[in-house]
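Structure first, then comments.
Numbers restart at 1 for each chain; the letters A, B, ... are given by sequence-line order, proteins then strands.
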Amino acid sequence: MLTRRIIPCLDVRDGQVVKGVQFRDHTVLGDIVDLARRYRDQGADELVFYDITASAELRTIECQWVERVAAEIDIPFCVAGGIRSVESAERILNAGADKISINSPALQNPGLITELADAFGSQCVVVGIDSRAEVGDYWVYQLTGSEKTIRSTRRRTEDWIREAQLRGAGEIVLNCMNADGTKAGYDITQLRRARDLCQIPLIASGGAGNKQDFLKVFEECDVDGALAAGIFHRGELTIPNLKSYLSSNQMGVRT
Amino acid sequence: MVAVIDYGMGNLRSVFNAIEILGFSAELVKDPEKLQLYDHVILPGVGSFRVCMDNLQKTGFDQSIKEYVQTGNALMGICLGMQILATRGFEDGESLGLDIIPGVVEKINPLDAKIKIPHVGWNDVTFNSIGNPLIKSMKNSETFYFTHSYILKCDNLNYVFGETIYEKSFTSAVLKENVFATQFHPEKSQDVGLKLFKNFINWTP
């Protein structure tokens with residue numbers, strides 16, 4: 001049986017892991033490889049690294065730390081941050097990443113999704129979507145890595161999910177911005193709507209505060225994976241503890 | 001010494017790292033003529049069937065892999081490296097494969113709309129064979145990491161070595177004499193993946 005994935009997310013800035021609240025006020029948490037190794041040992045199913053400033057600063061993530069992670073980590077990992085071309089994606093995949101995730105560059109050039117899917121296969125191409133509830137609908141934001149650059153795109157989230165799939169995305173990570181960092185639980189309403197549109201894997205992101213939140217998002221939204229950062233980084237919940245809870249509630253996880 | 005075929009596609013580094021972690025030496029091999037110097041060869045692969053076959057033909061690895069298989073030494077295909085062993089594939093139109101394992105590669109075609117494509121994540125592989133050295137010190141069913149949209153449909157069921165359920169059962173590992181291949185990624189499957197590599201490297205077909 002295909003198990004649900006638990007995915008710690010490491011926001012990377014200047015080679016270190018950081019965490020903010022609602023995409024602002026970042027504090028440094030530690031070295032990338034140390035944290036990656038810890039989560040691997042605990043039984044994380046996958047890791048995501050977001051270079052949160054790369055798009056805002058118009059640069060592509062550096063490959064050195066991707067290589068360092070790849071040398072240590074024998075579970076799949078995904079890298080995101082300012083990937084704007086097939087060439088930059090190729091460098092990251094050759095450095096040892098399994099997938100690349102694109103967000104702002106895909107909004108600026110939606111054709112990039114197709115180019116990447118044609119070059120590496122859809123299974124390599126994740127589209128990250130930063131979505132915020134406003135005036136009765138959900139809207140896509142871009143350049144969310146810095147409070148100076150963040151802006152709305154005037155795209156409806158549901159339209160963008162449909163388009164990303166048609167263009168060849170292999171997975172969607174939906175970052176629900178209203179929930180991010182609040183520990184109030186995943187945005188069930190929004191994720192359920194997204195699930196109904198998604199024929200590709202969907203990963204929930206933003207708002208996990210306790211283990212019940214994970215069970216709820218799997219049960220009620222049928223997402224393929226749940227991504228979380230702060231709750232793991234701060235040690236409020238460990239992955240073995242979470243997995244044993246999910247397992248005892250008949251939710252299939254890898255143990 | 002283990003050869004990892006480098007034909008310009010895929011995540012070779014992880015396969016290479018896994019072998020080195022086990023304490024064996026690995027070499028990335030770009031020259032098809034050198035393949036015959038090794039007794040264990042790994043064929044990795046990420047991307048599309050057609051591009052993969054084009055690259056194998058361009059580099060001359062298509063012929064050298066077939067010749068290598070004739071010597072009776074061990075070959076292991078991973079993911080697209082398994083699919084390309086088939087007779088033909090239907091990704092990006094129809095194209096011929098290496099025709100080492102009789103069968104076709106087709107897109108996963110679920111009946112239920114809730115079954116997502118690609119098939120991504122950790123899933124169980126049930127091995128059909130008991131006591132085979134390739135699955136030494138493993139359970140009959142183990143969990144590995146998958147990421148793919150296409151599957152190999154084997155014409156000869158005797159070559160089906162492992163099966164996985166994703167709505168329906170599909171072939172997730174094949175074994176034909178000295179040719180072993182997995183749809184899943186042992187290099188991304190932690191301890192059980194390392195165990196499989198170790199068994200492969202210690203294997204004398």
Atom pair CH2 (B:W122) and CD1 (A:I75), whose distance is rounded to the nearest 0.5 Å: 6.5 Å
Point-to-point distance, once rounded to the nearest 0.5 Å, from CD of A:Q165 to CD1 of B:I117: 11.5 Å
Whether B:Q190 side chain and A:G43 backbone form a donor-acceptor pair below 3.5 Å: no
Point-to-point distance, once rounded to the nearest 0.5 Å, from NZ of B:K188 to CD1 of A:I73: 8.5 Å
Chain A interface, residue from B:E91, B:E20, B:H119 that has the most non-hydrogen pairs under 4.5 Å: B:H119
Residue A:D224 versus chain B: region with a heavy atom under 4.5 Å: side chain
Backbone of B:A18 reached by a side-chain donor or acceptor of A:D74 within 3.5 Å: no
Most contacts with chain B, counted as non-hydrogen pairs under 4.5 angstrom, among A:R4, A:R195, A:E46: A:R195
Within 6.0 Å of NZ in B:K136, more than 12 heavy atoms from elsewhere: no
Option that, when pairs with chain B are counted at under 4.5 Å, heavy atom only, ranks first among A:R40, A:E72, A:E171, A:K99: A:R40
Over 12 foreign heavy atoms within 6.0 Å of NZ, B:K107: no
N-O pairing of B:K114 and A:D222 below 4.0 Å: no
Value rounded to 0.5 Å, distance of CD in A:Q123 from CZ in B:F146: 13.5 Å
Options B:T143, B:N17, B:I115, ranked by heavy-atom pairs under 4.5 Å with chain A, top entry: B:N17
Top of B:T147, B:V120, B:I21 for chain A proximity - count of heavy-atom pairs under 4.5 angstrom: B:V120
Atom pair CD1 (B:I165) and CE (A:M1), whose distance is rounded to the nearest 0.5 Å: 10.5 Å
Contact winner vs chain B - A:C198, A:P201, A:G225, heavy-atom pairs under 4.5 Å: A:P201
Over 12 foreign heavy atoms within 6.0 Å of NZ, A:K216: no
Heavy-atom pairs under 4.5 Å with chain B, option from A:L202, A:D118, A:I200 with the top count: A:I200
A:R254 CZ to B:Y145 OH distance, which is reported to the nearest 0.5 Å: 11.0 Å
